[in-house]
**Q** 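First the structure, then my questions, so here it is.
Everything numeric here is computed off the predicted structure, so don't read it as measured data.
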Amino acid sequence: MSRHLIIYGLIAALGALLLYLGEQLPRQLDELSTAKVDNSQWSVFQLETEFANLRATLSREQLETAPDSAGVRLQTDIVLSRVDLVGVGQPANLWKGNEQASHLLSLLADYEHRAVSIIDQPGDLSPTDVRTLAEITDDIRPTVRSLAVLGVTLVSQ
């Protein structure tokens, strides 16, 4: 008889545990969903920050007769890796089906190709290379800002 009570007690405890876990599941799924959105927004805002860092580097190096090619290349590579990140994975889900986002991302892809053609040249970068990179970076910054604002808008919807 005491054996039956132990078994019934265990079944009741397991049932209570299942109810508790079932009750917690929607809350935990919601938290995970929010984390993904936060990560997407962070990626977009980080892109804008890295563009500002690149622009600061380019402004400083434009004043030099012999620009720091390694520093410019490193900062540009960081920006380009951020450009790649906002177009793939979870951040890319934010843009799905949005024509404006597609257009802005295509402008970023054009920037990426132009920047790569400058920084992947052999040897040191010339002052003209740095000036050209600064110009195309200035040209694309409003696009990056628009993408960040669009990201906030899409998340809020």
Side-chain angles (χ1 to χ4, degrees), residues 17-18 20-157:
L17 180 63
L18 285 174
Y20 173 76
L21 292 176
E23 193 175 280
Q24 296 298 313
L25 184 63
R27 181 186 57 79
Q28 290 176 351
L29 288 174
D30 191 43
E31 287 175 7
L32 289 173
S33 173
T34 302
K36 289 179 183 176
V37 169
D38 290 347
N39 185 40
S40 298
Q41 278 186 300
W42 184 86
S43 293
V44 174
F45 289 133
Q46 192 64 31
L47 175 67
E48 192 173 18
T49 300
E50 293 303 342
F51 263 98
N53 291 341
L54 173 59
R55 189 57 188 102
T57 297
L58 294 171
S59 292
R60 187 175 55 250
E61 293 306 320
Q62 280 182 299
L63 301 174
E64 301 295 326
T65 54
D68 175 13
S69 297
V72 170
R73 285 184 169 119
L74 174 64
Q75 197 62 49
T76 306
D77 283 339
I78 291 169
V79 164
L80 296 180
S81 72
R82 291 287 174 199
V83 168
D84 290 340
L85 283 176
V86 298
V88 297
Q90 190 61 39
N93 291 334
L94 189 61
W95 317 122
K96 276 187 182 173
N98 186 291
E99 285 185 36
Q100 183 183 4
S102 294
H103 174 68
L104 295 172
L105 290 170
S106 72
L107 293 174
L108 274 175
D110 290 343
Y111 169 83
E112 183 175 20
H113 293 300
R114 293 175 70 192
V116 166
S117 72
I118 294 169
I119 66 165
D120 280 359
Q121 298 177 66
D124 290 335
L125 297 174
S126 70
T128 302
D129 293 329
V130 172
R131 189 172 38 259
T132 302
L133 188 56
E135 289 169 1
I136 66 172
T137 300
D138 285 344
D139 290 345
I140 199 67
R141 285 197 59 200
T143 299
V144 174
R145 180 68 180 154
S146 294
L147 192 64
V149 171
L150 179 61
V152 170
T153 302
L154 292 174
V155 166
S156 68
Q157 291 173 351

**Q** Tell me, which pairs form a side-chain hydrogen bond (donor to acceptor under 3.5 Å, both in side chains) where one or both residues lie in residues 70-84, sequence neighbours left out?
**A** Glu50-Gln75
**Q** The test is side-chain contact (heavy atoms from CB on, under 4.5 Å); show your working for Ile78 and Asn53 and say whether it passes.
**A** CA-CA 10 Å; Ile78 291 169; Asn53 291 341; over 6 Å; no
**Q** Going by heavy atoms in the side chains, are Leu54 and Leu58 under 4.5 Å from each other?
**A** yes
**Q** Just grab all the side-chain hydrogen bond (donor to acceptor under 3.5 Å, both in side chains) pairs involving residues 131-142, residues at least two apart or on different chains.
**A** Arg55-Asp138, Tyr111-Thr137, Thr128-Arg131
**Q** Rounded to the nearest 0.5 Å, how far apart are CD of Glu48 and CD of Gln46?
**A** 10.5 Å
**Q** Can you tell me if Glu99 has over 12 outside heavy atoms packed within less than 6.0 Å of its CD?
**A** no
**Q** Side-chain contact, heavy-atom cut-off 4.5 Å: Trp95 with Leu147?
**A** yes
**Q** Nearest 0.5 Å, what's the CG-CZ distance between Leu104 and Arg145?
**A** 13.0 Å
**Q** Are the side chains of Asp129 and Ser126 in touch, meaning some heavy atoms are under 4.5 Å apart?
**A** yes
**Q** Say whether, by atom type as modelled, one donor and one acceptor occur between the side chain of Gln121 and the main chain of Ile118 under 3.5 angstrom.
**A** yes
**Q** Work out which heavy atom in Pro67 is nearest to a heavy atom in Glu61; give both atom names and the distance.
**A** CA-OE1, 3.4 Å
**Q** Between Thr57 and Val72 (side chain of the first, backbone of the second, donor and acceptor by atom type, cut-off under 3.5 Å), is there such a pair?
**A** no
**Q** Please round to the nearest 0.5 Å and tell me the distance separating atom CG of Leu80 and atom NE2 of His113.
**A** 10.5 Å
**Q** About how many Å separate CG of Leu107 and OG of Ser102, when rounded to the nearest 0.5 Å?
**A** 11.0 Å
**Q** Going from OG1 on Thr143 to CZ on Phe51, what distance comes out if it is rounded to the nearest 0.5 angstrom?
**A** 9.0 Å
**Q** Search all heavy atoms of Leu125 against all heavy atoms of Ile119 and return the closest pair with its distance.
**A** CD2-CA, 4.2 Å
